[in-house]
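All residue numbers refer to positions in the sequence shown, counting from 1. On a predicted model such as this, the values are computed, not experimentally measured, just so you know. Ligands are counted one by one from 1 in listed order, and the atoms in each one are counted from 1 as well.
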Amino acid sequence: MKLTFASAGESHGPALVAILGGLPAGLTLDREAIDADLKRRQEGYGRSPRQQIEQDRVEVLAGLRHGRTLGTPLALVVRNVDHKNWTWGMAPWAPEGEPSGKGTKPVTLPRPGHADLAGVLKYGHEDVRNALERASARHTAVHVAAGAVAKALLATIGISVQGSVVDEDGLRTAIDEARADRDTVGGVVEVRADGAPPGLGSYATKDDRLDARLAFALMGIQAVKGVEVGDGFALASLRGSQAHDEIRSDRRRDTNRAGGIEAGISNGEQIVVRAAMKPLPTLMKPLRSVDLATGEDATALVERSDVAAVEALAVVAEAAVAWELAGAAREKFGGDALEDFVAAHAAYIERIRWR
Ligand SMILES: Cc1cc2nc3c(=O)[nH]c(=O)nc-3n(C[C@H](O)[C@H](O)[C@H](O)COP(=O)(O)O)c2cc1C
């Protein structure tokens with residue numbers, strides 16, 4: 001059984017949507033838990049006033065009845081409240097009436113580090129907005145909603161996932177300083193998963209490797225430029241005798257430099273991954289660019305933007321890891337009904353006598 005995820009939605013369009021396939025029937029979902037994660041994503045030090053406009057809440061259009069999954073595709077919607085200011089500029093159909101609100105004038109000043117230049121060249125757009133609207137991280141909202149669903153599934157087999165910012169205090173100081181300088185910063189987030197049994201993922205093919213899947217999922221998040229599993233880059237400068245986690249007679253480890261994954265398979269220890277986020281590309285003191293309308297030197301677009309989104313990234317990365325672990329668990333334990341999934345997990349734990 002494979003989990004599938006498809007999403008659509010522009011940053012200032014009417015809504016973000018996601019369709020989740022492959023969930024078992026009978027999983028109880030808690031609307032408040034999903035909304036709480038959506039709120040966590042919106043909060044965080046250094047975010048822009050957009051977050052005060054949006055009040056992200058999940059709506060479910062299909063796949064759920066009376067709070068329990070039906071085993072059919074689960075359709076989720078998160079509306080963009082800000083769309084009311086963009087009804088002409090982001091109208092899906094040819095807009096009627098005089099231009100009004102935001103997004104009425106084409107953007108022609110690409111920002112270094114954003115999707116703007118490569119996006120318009122690739123797709124043949126004249127208005128940079130046609131590229132930046134989807135490239136924007138706004139649609140991570142539905143990824144977070146999917147992550148909350150994944151966490152509910154993982155909880156049924158005792159797995160929990162938690163994201164956090166590495167050096168949060170230092171980061172907040174850096175954000176204050178960057179805001180004062182009208183600049184932006186990045187940072188590092190960490191996700192830890194507890195309770196994963198040995199055996200999620202496989203060495204059989206590269207697509208099966210759990211470390212590869214987690215890296216792909218994390219690198220798929222906007223502005224993530226580096227990923228490490230366990231001690232990652234630091235392992236490169238150690239000797240083998242210092243780098244590996246010795247195995248005790250109870251098959252557990254005293255150290256966890258591997259981050260809970262060996263040969264692409266969870267080994268029963270805590271899963272630990274980190275992601276590095278670059279400084280956000282929209283700058284209040286813009287970098288050098290070109291005006292695509294005239295071909296003249298110019299400075300890049302300035303628009304409302306976060307100083308940092310690292311705390312939000314911790315929530316998005318947590319969702320990404322939860323989704324991948326849930327996918328690996330679905331592949332390992334299968335089941336159309338939740339009871340089958342839980343029973344397969346219990347039988348496996350019994351077979352390997354894992355405590
Ligand atoms: C949660 C989150 C919020 C973000 N907010 C902003 C923002 O306000 N301004 C900005 O310029 N980039 C923001 N970004 C980063 C851009 O979306 C990203 O840099 C851009 O899409 C280009 O993609 P790349 O950095 O992966 O190359 C955010 C990223 C994340 C994950």
Per [atom], closest listed option by heavy atom ([options]):
atom: atom 24 (P) of ligand 1; options: R134, E311, K225, H114; result: K225
atom: atom 10 (C) of ligand 1; options: V224, T282, V316, V315; result: T282
atom: atom 23 (O) of ligand 1; options: A223, G119, S11; result: A223
atom: atom 29 (C) of ligand 1; options: A137, G44, A118; result: A137

Can an N or O of [X] be found at a distance shorter than 3.5 Å from an N or O of ligand 1?
X: T140; result: no
X: S136; result: no
X: Q222; result: no
X: A135; result: yes
X: D306; result: yes
X: L313; result: no
X: R47; result: no

Quick one: do [X] and [Y] make a salt bridge, cutoff under 4.0 Å?
X: E262; Y: R253; answer: yes
X: R40; Y: D37; answer: yes
X: E59; Y: R79; answer: yes
X: E331; Y: R213; answer: yes
X: K151; Y: E318; answer: yes
X: R274; Y: E228; answer: yes
X: E190; Y: R192; answer: yes
X: K39; Y: E43; answer: yes
X: R209; Y: D211; answer: yes

Measure the acute angle between the ring planes of F333 and F341, then classify it against the limits of 30° and 60° as parallel, tilted or perpendicular. perpendicular
Classify the ring geometry between Y123 and H125 as parallel (under 30°), tilted (30 to 60°) or perpendicular (over 60°). parallel
Atoms of ligand 1 close to [X] [distance to a heavy atom under 4.0 angstrom, numbered from 1]:
X: M277; value: 29 (C), 30 (C), 31 (C)
X: I221; value: 31 (C)
X: A309; value: 2 (C), 3 (C), 4 (C)
X: A312; value: 1 (C)
X: K278; value: 19 (O), 24 (P), 25 (O), 27 (O)

With a heavy-atom distance limit of 4.0 Å, tell me whether T184 approaches ligand 1 through its side chain, its backbone, both, or neither. neither
Quick one: which of V273, I265, V229, I271 gives a side-chain contact (heavy atoms from CB on, under 4.5 Å) with L210? I271
Option from D183, T184, V310 for which side-chain contact (heavy atoms from CB on, under 4.5 Å) with P279 holds: T184
Identify, for [atom], the protein heavy atom at the shortest distance, and state residue, atom and that distance.
atom: atom 9 (N) of ligand 1; answer: S305 OG, 2.7 Å
atom: atom 12 (N) of ligand 1; answer: P281 CD, 3.5 Å
atom: atom 14 (N) of ligand 1; answer: L280 CD2, 3.5 Å
atom: atom 22 (C) of ligand 1; answer: G113 O, 3.5 Å

